Amino acid sequence: MKRFSIFSLARNALTGHRNWGKMWRSPDPKREYDVIIIGGGGHGLGAAYFLAKEHGITNVAVLEKGWLGGGNTGRNTMTVRSNFLREDSVPFHEMSLDLYHQLSRDLNYNLMVSQRGMITFIQSSAANRVALQMANTMHIYGAEYRMLTLDEVKRRIPIFDPSPDMRLPVRGGVYQPRASMVRHDAVAWGFARAADARGVDIIQNCEVTGVRQEGGAVTGVETSRGLIKGKKIGMAVAGHGSVVASMVGQRLPIITQPLQAWVSEPVKPILNEIVVIRSYYGTYLMQSDKGEIVVGQGCDPYPSYAQRGTFPIIEDATTSMLEVFPSFGRLKLLRHWAGMLDIPYDGSPIISKTNTKGFYIDVAGSGGFKTTPAAAKTFAHLIANDFPHPLAEKLGLDRFASGRLVQEGGVSANR
Amino acid sequence: MSYQVKISVLDDFALLNLRGTKAAVARFETALELEFPKGAQGVRVRDGVAVLNLAPDHWWVRTSLEDEDQTFTSLSEAITIEHAAITVVSDHFSGFSIVGDDALLVLRQGLSLDLRNIATGQCTRGSFARCGGTLQVLDQGYHYDLFVEASYADYVSAWLDRAGGGGGA
Amino acid sequence: MTRLANGGVVNRQRRLNFRFNGQEYQGLEGDTLASALVANDVKVVGRSFKYHRPRGLLTCGPEEPNALVQLLSDGDQPNLRATEIRLTEGLEAKSVNCWPSARFDLGAVNDWLSPIIPAGFYYKTFMARPWDFYSRFIRKAAGLGRLPTERDRGRYERVFHHTDLLVVGAGPAGLRAAQVAAISGADVMLVDMQMSPGGHLLFHSREIEGKAGAEWIAEVTAELKGRRNVTCLQNTTATGYYDHNMVLAVEHEPEAAWLRERLWHIRAKKVVIATGAVERPLVFPGNDRPGVMLTDAVARYVSRFAAVPGQRAVVYTNNSTAYEHLELMLSVGISVEQVVDLRATLGEAERELVQRNSIEVVTNGRIIGVEGRSAVRDVRVAGESGIRSVSCDLVCHSGGWNPLIHLYSHAGGKSVFDQESATFIPGEPVQAVHCVGAANGTFSVAGGLGEAAGIAGSLVEELTGKQLGSYSSRPEVAEIPYGINVIWPEKTLKGKAFVDFQNDVTTADIALAVRENFQSIEHVKRYTTAGMAVDQGKVGNPNVIGLVTKELGEQQGSVGTTTFRPPFMPVSFGVIGGSEQGQLIIPARTTPITRWNIAQGAAMDEAGANFRRPFYFPRAGESMDDAVAREARAARNACGIYDGTPLGTFELQGPDTAELLNRLYTNRFDNLLIGRGRFGLMLREDGRFLDDGVTFRVGPHHYLMSCGTGAAGVVYAHIDRLLQTEWTDLKVYLVNVSAGLATMCVCGPYARDVLGGVETDIDFDESFRFMDFREGRFAGVSVRIARVSYTGELSFEINVARRHALMIWTTLMNAGQNYGITPIGSETSGVLRIEKGFVSPGHEGDNITNPFDAGMAWIVDMEKPDFIGKRSLRRDLDLGGERQHVVGLLPDKHRALVADGSALLPDPGGSGRSGFQGHVTAACFSPTLERTIALALLKDGHHRHGEKVLISGLEQSCLATVTAPVFFDPQGQRMRG
Amino acid sequence: MLEIPCPWCGLRNENEFICGGEAQRKRPADPDRETDEAWADYLYNNANPKGVVTEWWWHVSGCTLWFKIDRNTLTHEITPIEELPE
């Protein structure tokens, strides 16, 4: 793998950048692999990378039906954080944050991990209670999450200018200093380049249409480019979890729902932190390195695979944003899109074996970008060893049979 | 500078919420000496008493405040073994009347339904602003009565004031 | 000054002063900022984003990539296109992203560094130190305009609108479509983003059906305005096409003068897209120099604004449209030095035109260089007879036309590559959308008019069922038949040839991306950022696709477009979300007592279901804790009163109500007697807490259920869903009466005395047992009073019609004067709840505990055949294993400060457990016990009473003893007495 | 923004409704007879198809009817399947 650095840039400038070579090969699929990963996003490519790097398994193929990073990896709001509620998920998300902060050096590919910190506004005593519960639990696991007074919020965010008659006045905040923003496309490209360099075959435009089984164990996959054999198959297809798992007759506790995101026109730097106006429709926003204000909110209110969202979500989030940043009224929306999340019943990731031998699943859950490196590492561990990584022990499908869920997301009561 | 519309609070109205089977409806009709409307958006009026058809087995009887008790009693007594529910809900709703040439320019900001399809003498229910609303059309395009759940009254009056073009920046 | 003496639609009597980049100029009423700059010979209007190269105007419309300005004089708005700003007196603007000025910009150093900063260079470096070390500088260089800091005072409005046929675009095709459709009487809406209707006819004088373009427009517009069933909106941009033919449009200056912008949600039965097309630039070295402009733009500045962009022009084209403008240019004194045509042969009409005007044409010609950094000086032309340098001050180029298929694509339709017009046109439409005219790839005006009439006619006939008779006549229009031959540049070009002007993406960047195996068009876009700028690739994207296809050696058209995403043009956040500011963002629901509470100076806070409730009633100088302690003592020792109206209240009537209640609650209700109430627990199917509350039996088949404030909506949905989708055989009617029935609680030892002080026919003596209710007259009105207690005290809950609520409340306050009656807030009732250990679904429930974990086995009747959640409870019991149980905690230090949510760890000196043990669900200082108490969830808590655990909070930790979760009057004598 | 066909009120904007989830998740007649695995499947799992699904919708701010429609989760095409019981 050619090392990337300022020197290699200068050297290649002399020859008009003609000899950079391919970031990853585009081989034809072999007839058989030790491990087949379905899904060429951050989770799939990352799992292949960790299989090669930490488990010495390099006879691996990553099958992507479209283009690398074309699923949710290319559609999120670049936010990575670990502020969670439960002892079974805080350490897992903390590991993800740690891995992100060293990934650029490990992959020798600049993911532009910008440690901005995240401030969640507190606008009611109920919100205060939830923040305290999170802060105290995370404190046990060494994750810094501290309360801020209103003055500290105003000092950190100069453009914070709430109107006097706010419906839910901001009384303070809770702050995770290590929360960061990561250039999402670069995660897929960085993992792809590093995995390819270790011998992993990355095969695009190769859609899996069926899974072959014998005696309850997988033997390979049918794809748009022919049959590919393999005794271990890892599924990491955020948004299509149910579709692919149904190929082995496995039903999952998930619903596919659009999660929208949108950006403004780029403006000069005015906002450093990631800001969450939680009590106003769960709105959150930040400013990208390019200068665009990136905004997101909760999921659309019904299942969909359409990779586009409904507009009222943007209207409610914009009203919320204007309540704390009224000068944004003149800023303009440039583009809005949507990813498709596999939302589990309890909102936590599912990294698990299934009823079919050799068929493993990594269902990212609500917001899989923040868990990409941790999920990839623990998924690789599960595939290689057939038993879960310590930090993913509680994140298997078995938690649904026993009812011992890892309750992170809000649960729709009338299920 | 605002729209040509007069928005005022309705205070002299009684509402009775009726649920019932076909058999119960026959009883209601004899009690009120008024044939109930059949079908969506239907309203029947007989000297000051209006019956609004809100759903297949759900009606409102709208009358004046002082007839509230007497109407409730006559309806309750009409029911014997039929499966029905008669509930006084006058206090459960607040009413607004929206009158003027620009009435639609205000309503269309809060109602996502097609107001072209609701003619004079009809009614419907739909989402209004961020709560629900029941609309009774007294003169299409000009005069509408709107009922919202009472706990939303303050919110809806502030919303209507803003939608009318009044209120500060 | 190059303003023509006459012509154009400008008011020469009205001169307007304006400042641009610190210089004073004058323009005319009717000018845009761009046309005024052209008239004042201003060539450099900005600097490019990455290389900070000087840039001039490329276009005359909203697709302008170069002239982005900061409008200082109207709200200091960033990133506006000079072509879209109407010139007004005293207007002031400056170019964005250049320092110190557009004429001299230090950022231009990047142009010299360009060899080592190709596309995607930032992925290959800046790794020696953490990214934030570098990002500080990079972020300052990024971003175009500057966002103002003071509040946006604009007023905005959002409306829903329904129509039968929506026509987008009021050019010739759009006007004709609306005209034909209107005849049928169907509702027609015509939306157009220009200031006035006519589309490109405003800019090119063409004859239609023997009439001058402007006259034809005026006629059709007058006809449309005269019809009641037609709505015309100018200066309104259709920005997005959503599900089920919902089109979003922004009206910029509505006639309701107090509004700045209005957002239209237009639900149409049928939609006709007549948005036209934008001219595509050619790709050649130096194609970004100031003075290099699209031919259509030159024609528009001349004919619309009488502003002449240059005196000596070279025309460079691969299609016929450039030739249409030659005579116009000559007529205003622009000398056409040379026409360079990439094609080998010209069309017959083109040849005749150039001969008539004796213009020299170089066929198979290429422009291989443009000299002049801040203004074009000359171009180097390579023809069959070698390379010649031609001096000029204006290069007009045309690479063909891009139909504006954005709205069609938002609707879900795929685009197809049309070999003949060498561009992407609409394919099979998805949803009820039909493209006509240039938007459909029909580049002749006559063809567009014919298409529009035909499609509009058939659509309204389908809608109205009426026959319209003959209307699809194809009028004759004087125009040159459109012909194009796209020839992509060879790789051997020297000098930067731009495909995306705004993000400075060159042909070399495209080649690099493909060489590094970024071969999907989406990869190329994201790696090079081509098409990701403010203009979203409107002019440049087809060139990017063409070059990538050539690099891959594929057949043109085989590589598809990237996804078209709304909005078509950037939309202000003000118009999207600015119509429901302040208190309107979330309804503040009130009870009849809310105003009284506020008048008493209560500290209000958000309760469930958007209700604002008093948390405590501070008196002068009291802290929260002081006020809560006073209120709690009053409730325990004298008399407390609180407004319970926000609690959900439902009437259930019908013969099967008892059976329904038996299936909803964990305990039995079929044996409840009339006149009695019972506390019930409701679970979700997964066995976790949904809500609890008291239900009364009012009559043989008539019950009144109450439930928690926050849960009211969820409980109603839960029951209504079961009745309408699962248990459709049960005869029960469910009616929500929460808002109409005010609920007030009087509690404490003197409660009976206070009620006794009011004129009533209800007897409050000992015969009025706990969980009884009685109806009667009270203070002159009819009420229902029940003995229910959420505070653990003797307590009476008074239900009265909302209209009497305030009267009853003030009557009770007066009756309680000499009994120390005290209004208590929900913070105080929280303390009273913790003292009694009453489990709250939202706190101890926490989505994970079941009734057995919460010590409520007494309320679960597993003998019942079925109730919601029963099967899940059996699973919990069968599986067993360690669970978190609800316990009480008594901190060793009586006055320890314990925060809600504190984590529980094992006692450092105690039992051999390790790690996380649970958390505090609710903690408070108990005025009754004079010490801090808490409820908590603790692993295996039921069996650890008497053990010590460490409460670990953020500020401090303390040891505490685990106890049963009740601290006061365990048998409940006070409330049951 | 979806336009949903309510059997009583006709076509209405999506903001008047709440999606009630997959209609074939019928509550078992006698849950006690369900195995743990079957019960967990009813509680938590979904078909979650990419294509046509029969769904409950609740016209919460209109006539408050619960009704079923067929909806394509990829194209959002909706087909009414319920006529009103006369």
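Quick caveat: nothing in here was measured; it's all calculated off a predicted structure. Here is the naming used below: chain letters follow the sequence lines, and residue numbers restart at 1 for every chain.
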Summary of salt bridge (charged side-chain N to carboxylate O under 4.0 Å, His left out) pairs that have at least one residue in residues 124-136 of chain B, sequence neighbours excluded: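 Those involving residues 124-136 of chain B are A:D316-B:R130, B:R130-C:E580.
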Which region of [X], side chain (C-beta onward) or backbone (N, CA, C, O), has a non-hydrogen atom less than 4.5 Å from a non-hydrogen atom of chain B, or is it both or neither?
| X | result |
| --- | --- |
| C:T591 | neither |
| C:A801 | both |
| C:V735 | side chain |

Please classify the contact of [X] with chain C as side chain, backbone, both or neither, using a heavy-atom distance under 4.5 Å.
| X | value |
| --- | --- |
| B:N17 | side chain |
| B:A84 | backbone |
| B:F93 | neither |
| B:R116 | side chain |

Max heavy-atom pair count under 4.5 Å with chain B, selected residue of C:R802, C:R267, C:H701, C:H161: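 Ranked by contacts with chain B, first place is C:R802.
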Leading residue by heavy atom contact count with chain B [cutoff under 4.5 Å; candidates C:V732, C:L263, C:L741, C:L259]: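 Ranked by heavy-atom pairs under 4.5 Å with chain B, first place is C:V732.
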[X] side, atom [atom1]; [Y] side, atom [atom2] - distance, nearest 0.5 Å:
| X | Y | atom1 | atom2 | value |
| --- | --- | --- | --- | --- |
| B:D11 | C:R803 | CG | CZ | 12.0 Å |
| C:Y733 | B:I86 | OH | CD1 | 11.0 Å |
| B:Y155 | C:I586 | OH | CD1 | 10.0 Å |
| C:T649 | B:H92 | OG1 | NE2 | 9.5 Å |

Do you know the tightest heavy-atom contact between [X] and [Y]?
| X | Y | answer |
| --- | --- | --- |
| C:A739 | B:S151 | CB-N, 4.0 Å |
| B:R19 | C:L734 | NH1-O, 3.8 Å |
| C:S579 | B:R162 | O-NE, 3.9 Å |

Heavy-atom pairs under 4.5 Å with chain C, option from B:N117, B:L113, B:L115 with the top count: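 Option with the top pair count is B:L113.
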Test item: C:H162 side-chain N/O and B:S112 main-chain N/O as donor-acceptor pair under 3.5 Å: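 Side chain of C:H162 to backbone of B:S112: a pair is present.
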Carboxylate-amine/guanidinium contact C:R595 B:D154, below 4.0 Å: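 Yes, this pair counts.
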Residues of residues 98-110 of chain B contacting chain C, heavy-atom criterion under 4.5 Å, by residue number: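 At a heavy-atom separation under 4.5 Å, chain C is reached by B:R108, B:Q109.
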